[in-house]
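Hydrogens, waters and symmetry mates play no part in the numbers below; they use all other heavy atoms, side chains included. Since we're looking at a predicted model, the values are computed, not measured.
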Amino acid sequence: ANLALHKVYRKLLSQLELTYPQYLVMMVLWERDRVTVSDIGERLFLDSATLTPLLKRLETAGLLVRCDGEDAARWLPRDPPLPHPDQSRP
């Protein structure tokens, strides 16, 4: 069942040029912007060594903006990056 679900997501997300982990990060940011890497990591159970390159790729693709905060860098989605998940959630 997990493999079948992954295939469905891969097909839908390929149209958006996102991987499944990138999509999960975008979902976290759509729920609440200005999120730190550690906040994202806690939500997705991923460490910063995994998230940092992923976030950099999303930033390079123009989907995220890095904002330097007082205590740590924060990330927010660029407007409008993709259709909002409430409009067409796969």
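Between Pro21 and Leu54, some side-chain heavy-atom pair lies under the 4.5 Å cut-off. By the 4.5 Å heavy-atom criterion applied to side chains, Arg43 and Met27 are not counted as neighbours. Here the side chains of Asp39 and Val28 are not in contact, with every heavy-atom distance at 4.5 Å or above. Counting only heavy atoms from C-beta outward, the side chains of Trp75 and Cys67 never approach each other to under 4.5 Å. Side-chain contact between Leu76 and Leu64 is absent, with no heavy-atom pair separated by less than 4.5 Å. Side-chain contact between Thr19 and Gln22 is present, with heavy atoms from C-beta onward closer than 4.5 Å. Side-chain contact check for Ile40 versus Leu55: some heavy-atom pair is nearer than 4.5 Å.
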Using residues 44-52 as the side-chain source, report each donor-acceptor pair under 3.5 Å to any protein atom, sequence neighbours left out, with the distance given to one decimal.
unit_1 : atom_1 : unit_2 : atom_2 : d
Asp47  : OD1    : Ala49  : N      : 3.4
Asp47  : OD1    : Thr50  : N      : 2.9
Asp47  : OD1    : Thr50  : OG1    : 2.8
Thr52  : OG1    : Ser48  : O      : 2.8

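A salt bridge does not link Asp68 to Arg74: none of the charged side-chain nitrogens sits closer than 4.0 Å to a carboxylate oxygen.
The cluster map of Ile, Leu, Val, Met, Phe, Trp and Tyr, joined by side-chain heavy atoms under 4.5 Å apart, puts Tyr9 and Leu63 in the same cluster. Criterion: ILVMFWY side-chain heavy atoms under 4.5 Å apart, direct or through other members. Under it, Leu58 and Val65 are not part of a common hydrophobic cluster.
The shortest non-hydrogen separation linking Tyr20 to Leu13 is CA-CD1, 3.7 Å.
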